[in-house]
Amino acid sequence: MVRRDELLAYLHGLLETARFRDYAPNGLQVEGTATITKLVSGVTASRALVEAAVAAGADALLVHHGYFWQGEDPCVVGIKKARLAPLLAHDINLFAYHLPLDAHEIYGNNAQLAVQLDLIVTGRFGPEPALAMCGELSVPLSLAAFARRIEHALARPPLCVNGGEHLIRRVGWCTGAAQKYLEAAAALGLDAYISGEISEHTVHAARELGIHFFAAGHHATERYGVAALGQHVAQRYAIEHLHIDLDNPA
Ligand SMILES: [Zn+2]
């Protein structure tokens, strides 16, 4: 088992949470039992994930998308009450890490997506602290072949925007809702850029910038960081860990 405070301090240091100005608090968002023997991880602390954690007998839940986002109604009513009530009733700690978990060198969403897609990481880009990564394919691929690789790795076909006739060798990526870095990727001369989500205007931008764009799913691109982090802390403290992946088409 591990003490809650020890785990919190370890995660704070490992993920360098103090480096990030974020849209939600990073760290312990809901306090539960003082000692932890079973950890459940998942992408988003939805009601379904909370209920699955309760059913699994977890005393801590580790997520990428927690609660208390900037600009949301802070009152504990409606769906927010329904999510918090089972956590409090079962004394389950909720640990949430947003940008620090996108960014981490090993357990981060972007680092773990590189593993899934067999990308050789060569650097980072975007505003500091830089979240997006760039890298290379060992063998250049066509748009269709790279789309198949993404589909195979993430078990979900990506939405592809053809940015020209060129093959893909140098790639940029940033998981989740990070299509805003497309122009920065094009400015670096990358052949393709991958993120989770896509808007209508991004299709035109990719075509006009001459860079292929893949929207591979917000959830699908962000499952791997939190699972890897959960596995790591479980190993470090010899506690049980269960990653629960609840399907999300977005
Ligand atoms: Zn996200």
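This is a predicted model, so every value here is computed, not measured.
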Below 4.5 Å, heavy atoms only, C-beta onward: do [X] and [Y] meet side chain to side chain?
{"X": "Leu119", "Y": "Glu136", "result": "no"}
{"X": "Val2", "Y": "Thr35", "result": "no"}
{"X": "Tyr193", "Y": "Val171", "result": "no"}
{"X": "Asp102", "Y": "Cys174", "result": "no"}

Output yes when a side-chain donor or acceptor of Gln29 lies under 3.5 Å from a complementary backbone atom of Tyr67, and no otherwise.
yes
Test your reading of the model: is there a side-chain donor-acceptor pair from His90 to the backbone of Pro86, 3.5 Å cut-off?
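It does hold such a pair.
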Please report the shortest heavy-atom distance between [X] and [Y], naming the atom on each side.
{"X": "Leu137", "Y": "Ile120", "value": "C-CD1, 4.5 Å"}
{"X": "His64", "Y": "Tyr97", "value": "ND1-O, 3.0 Å"}
{"X": "Gly210", "Y": "His166", "value": "O-CE1, 3.2 Å"}
{"X": "Ala45", "Y": "Leu94", "value": "CB-CD1, 4.1 Å"}

Among Ile194, Val161, Asn162, whose side chain to side chain contact (heavy atoms under 4.5 Å, CB included) with Phe213 holds?
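Only one option passes, and that is Val161.
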Suppose we call two aromatic rings close when their centres sit under 6.0 Å apart. Are Phe146 and Phe214 close by that rule?
yes
Decide whether Ser195 and Gln179 meet the rule of one side-chain donor and one side-chain acceptor closer than 3.5 Å.
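Short answer, no.
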Scan side-chain atoms only and decide if Thr37 and Glu240 contain a donor-acceptor pair under the 3.5 Å cut-off.
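No.
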Could you tell me how the ring of His241 sits relative to the ring of His243: parallel (under 30°), tilted (30 to 60°) or perpendicular (over 60°)?
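Aromatic pair His241/His243 classed tilted.
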Determine whether His65 and His218 satisfy the following criterion, ring pair (Phe, Tyr, Trp, His ring centres under 6.0 Å), listing intermediate values before the conclusion.
CA-CA 11 Å; His65 301 137; His218 190 136; 5.0 Å; yes
Check this for me, if you would: do [X] and [Y] make a salt bridge, where the nitrogen-to-carboxylate-oxygen distance has to be below 4.0 angstrom?
{"X": "Arg19", "Y": "Glu16", "answer": "yes"}
{"X": "Asp59", "Y": "Lys38", "answer": "no"}
{"X": "Arg124", "Y": "Glu105", "answer": "yes"}

Inter-residue atom distance Thr175.OG1 - Glu222.CD, 0.5 Å rounding
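Rounded to the nearest 0.5 Å, the OG1-CD separation comes out at 3.5 Å.
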Run the side-chain contact (heavy atoms from CB on, under 4.5 Å) check on Leu11 and Val233 step by step: do they pass?
CA-CA 9 Å; Leu11 288 170; Val233 298; 3.9 Å; yes
Can you confirm whether [X] is buried at [atom1], in the sense that more than 12 heavy atoms of other residues, nucleotides or ligands lie under 6.0 Å from that atom?
{"X": "Lys180", "atom1": "NZ", "value": "yes"}
{"X": "Tyr10", "atom1": "OH", "value": "yes"}
{"X": "Glu183", "atom1": "CD", "value": "no"}

Kindly determine whether Glu200 and His204 satisfy side-chain hydrogen bond (donor to acceptor under 3.5 Å, both in side chains), including the steps that lead there.
CA-CA 8 Å; Glu200 192 270 353; His204 305 292; 2.9 Å; yes
Steps toward side-chain hydrogen bond (donor to acceptor under 3.5 Å, both in side chains) verdict (His219, Asp245):
CA-CA 9 Å; His219 175 90; Asp245 187 46; 2.7 Å; yes
